[in-house]
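Residue indices begin at 1 and follow the sequence shown.
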Amino acid sequence: MAIAQPAILPEAGPFALYVVMKIVGDKRAVIQQCQGLHQSLASLNEQQADANLRASIAFGKSFWQSLDKGTPAEFDDFRPLGGGEVTAPATGGDLLLHVNSSRHDLNFYVLRQFLQPVADAVEVLDETYGYKYLDSRDMTDFIDGTENPKTLESRGDVALIKEGDFAGGSFVMVQRFVHNLPAWHRLGVEAQEKVIGRTKPDSIELDDVPANSHVGRVDIKEEGKGLKIVRHSLPYGTVTGDHGLLFIAYCHTQHNFNAMLESMYGETDGKTDTMLRFTKAVSGAYFFAPSVEMLESL
Ligand code: HEM
């Protein structure tokens, strides 16, 4: 079985970095940086005890196609969704760098080292540093990740393409959400629980999950089987500036992302995720993270 890139399967440390880039110059030089990344992280992990640095590199569709390695059957660009106040913009990007570790400073260091030789070839569209917040809560103060697949085996089943030319690869979805916490905190706890579909203190699913709650929108069954994704999202930001959730997830099929997004943004049955009244997506893109072997062969 082809080897998945290191950031995808293990449960992550408390800090992460998410960088979306456009390639504007020498693409061979950028690819070489990508190919050297996992080795340089392995050396850093030897020097810095308990750093647990892991990364994944993923590519946007048009850049991937320019590499002439064939295209995974389902690989589509992110489609803008919604309307009025509730929208999911498509903001694109050629390259996604996702790093997680136990140290914020090392995530910064990794990006600085990565960019130094290719600064002229790359335009950074978004650079966001995430951090574990309280006991793994989103900034709405609800626990995020309860229903995420837990074992390595189940995470592999959900995240990785099983066979064919792209085995060991994974589709990635990224959306940066900016929360409106003053509006959120005007709701009482019971109303907030109805928006999420779970209890606030301990993340227990409500007996009667409202159809327009977040869980009501994304807990989707097809032919009796729940659609699953592996989420690596973390809160980010500053109190007086933008803050919210950097949503990122991996899956062996883009279908699961599309089904969840269409359900959240009112395309499935006209119902919209009530949570989206309190948070707004400011970015949205799909990427493909090839296996380690395929990355090395580019
Ligand atoms: C569940 C928060 C965006 C997919 C949850 C839960 C929370 C949450 C609190 C319940 C606990 C859990 O099972 O993790 C948020 C916030 C978001 C966001 C604050 C953005 C601001 C998204 C997006 C998707 C998504 C964009 C997919 C397109 C899921 C899934 C579950 C979930 C699949 C598990 C549902 C289940 O099986 O019960 N989210 N989420 N979330 N979320 Fe989100």
Side-chain angles (χ1 to χ4, degrees), residues 3-10 12-45 48 51-64 66-67 75 78 91-131 159 168-176 230-234 236 245-251 282-292 294-296 298:
I3 298 169
Q5 292 193 60
I8 301 176
L9 297 185
F15 296 101
L17 164 63
Y18 316 92
V19 194
V20 178
M21 295 168 252
K22 208 170 137 184
I23 312 298
V24 293
D26 183 353
K27 82 174 175 195
R28 280 318 322 165
V30 179
I31 297 282
Q32 268 176 19
Q33 275 303 88
C34 296
Q35 290 169 331
L37 181 73
H38 296 310
Q39 191 49 53
S40 58
L41 262 55
S43 313
L44 265 172
N45 280 329
Q48 306 282 332
N52 294 320
L53 273 162
R54 300 187 185 103
S56 93
I57 290 271
F59 301 91
K61 185 179 177 182
S62 61
F63 185 73
W64 178 262
S66 78
L67 301 174
F75 193 4
F78 190 94
T91 49
D94 296 324
L95 195 66
L96 168 74
L97 168 61
H98 171 203
V99 182
N100 57 48
S101 74
S102 1
R103 288 194 20 205
H104 177 64
D105 63 323
L106 291 177
N107 295 345
F108 178 96
Y109 179 82
V110 166
L111 180 62
R112 198 171 61 78
Q113 299 288 107
F114 178 88
L115 286 179
Q116 206 170 26
V118 291
D120 293 342
V122 163
E123 183 189 324
V124 173
L125 303 181
D126 194 56
E127 175 184 349
T128 297
Y129 293 82
Y131 46 89
S170 186
F171 293 104
V172 199
M173 176 191 148
V174 180
Q175 270 187 306
R176 183 159 69 81
V230 172
R231 286 172 285 151
H232 274 276
S233 316
L234 279 179
Y236 74 90
L245 189 75
L246 190 303
F247 179 90
I248 181 170
Y250 291 85
C251 192
V282 295
S283 73
Y286 280 147
F287 299 91
F288 173 66
S291 66
V292 169
M294 193 165 220
L295 178 64
E296 280 165 5
L298 296 179

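Remark: the backbone N or O of G284 is paired with a side-chain donor or acceptor of T91 at under 3.5 angstrom.
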*Could you walk me through whether I8 and V230 pass side-chain contact (heavy atoms from CB on, under 4.5 Å), step by step?*
CA-CA 8 Å; I8 301 176; V230 172; 5.8 Å; no

*Apply side-chain contact (heavy atoms from CB on, under 4.5 Å) to the pair I248 and L96, showing each step before the final yes or no.*
CA-CA 11 Å; I248 181 170; L96 168 74; 4.1 Å; yes

*Pair L53-N107, side-chain contact (heavy atoms from CB on, under 4.5 Å): steps then yes or no*: CA-CA 8 Å; L53 273 162; N107 295 345; 3.6 Å; yes

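At least one side-chain heavy atom of V110 sits less than 4.5 Å from a side-chain heavy atom of L44. Contact of the C34 side chain with the L95 side chain is registered, since non-hydrogen atoms from C-beta on lie closer than 4.5 Å. For the pair L106 and Q48, the minimum side-chain heavy-atom distance is below 4.5 Å. Between L67 and I31 there is a side-chain heavy-atom pair separated by less than 4.5 Å. Residues L37 and V99 form no side-chain contact, since every pair of their non-hydrogen atoms from C-beta on lies 4.5 Å or further apart.
Applying the ring pair (Phe, Tyr, Trp, His ring centres under 6.0 Å) criterion to F287, with sequence neighbours excluded, gives no partner residue. The side chain to side chain contact (heavy atoms under 4.5 Å, CB included) check on S102 picks up P14, N52, with sequence neighbours excluded. For R54, the salt bridge (charged side-chain N to carboxylate O under 4.0 Å, His left out) test picks out no residue, with sequence neighbours left out.
Rounding to the nearest 0.5 angstrom, the gap separating the CG atom in L111 from the CZ atom in F114 is 8.0 Å. Interatomic distance, CZ of F247 versus CE of M173, reported as 4.5 Å (0.5 Å rounding).
Listed by first then second residue, pairs satisfying side-chain hydrogen bond (donor to acceptor under 3.5 Å, both in side chains) with a partner in residues 34-45 read Q5-H38, not counting sequence neighbours. Listed by first and then second residue, the side-chain hydrogen bond (donor to acceptor under 3.5 Å, both in side chains) pairs involving residues 17-27 are K27-S66 (not counting sequence neighbours). For residues 94-117, the set of pairs meeting the salt bridge (charged side-chain N to carboxylate O under 4.0 Å, His left out) definition, not counting sequence neighbours, comprises R103-D105.
Taking the six-membered ring for Trp and thresholds of 30 and 60 degrees, F171 and F288 have ring planes inclined between 30 and 60 degrees apart.
Heavy-atom neighbours of F108 CZ from other residues, nucleotides or ligands within 6.0 Å: at or below the threshold of 12.
Aromatic ring centroids of F78 and Y286 lie under 6.0 Å apart. For F15 and Y131, the ring centers sit 6.0 Å or farther from each other.
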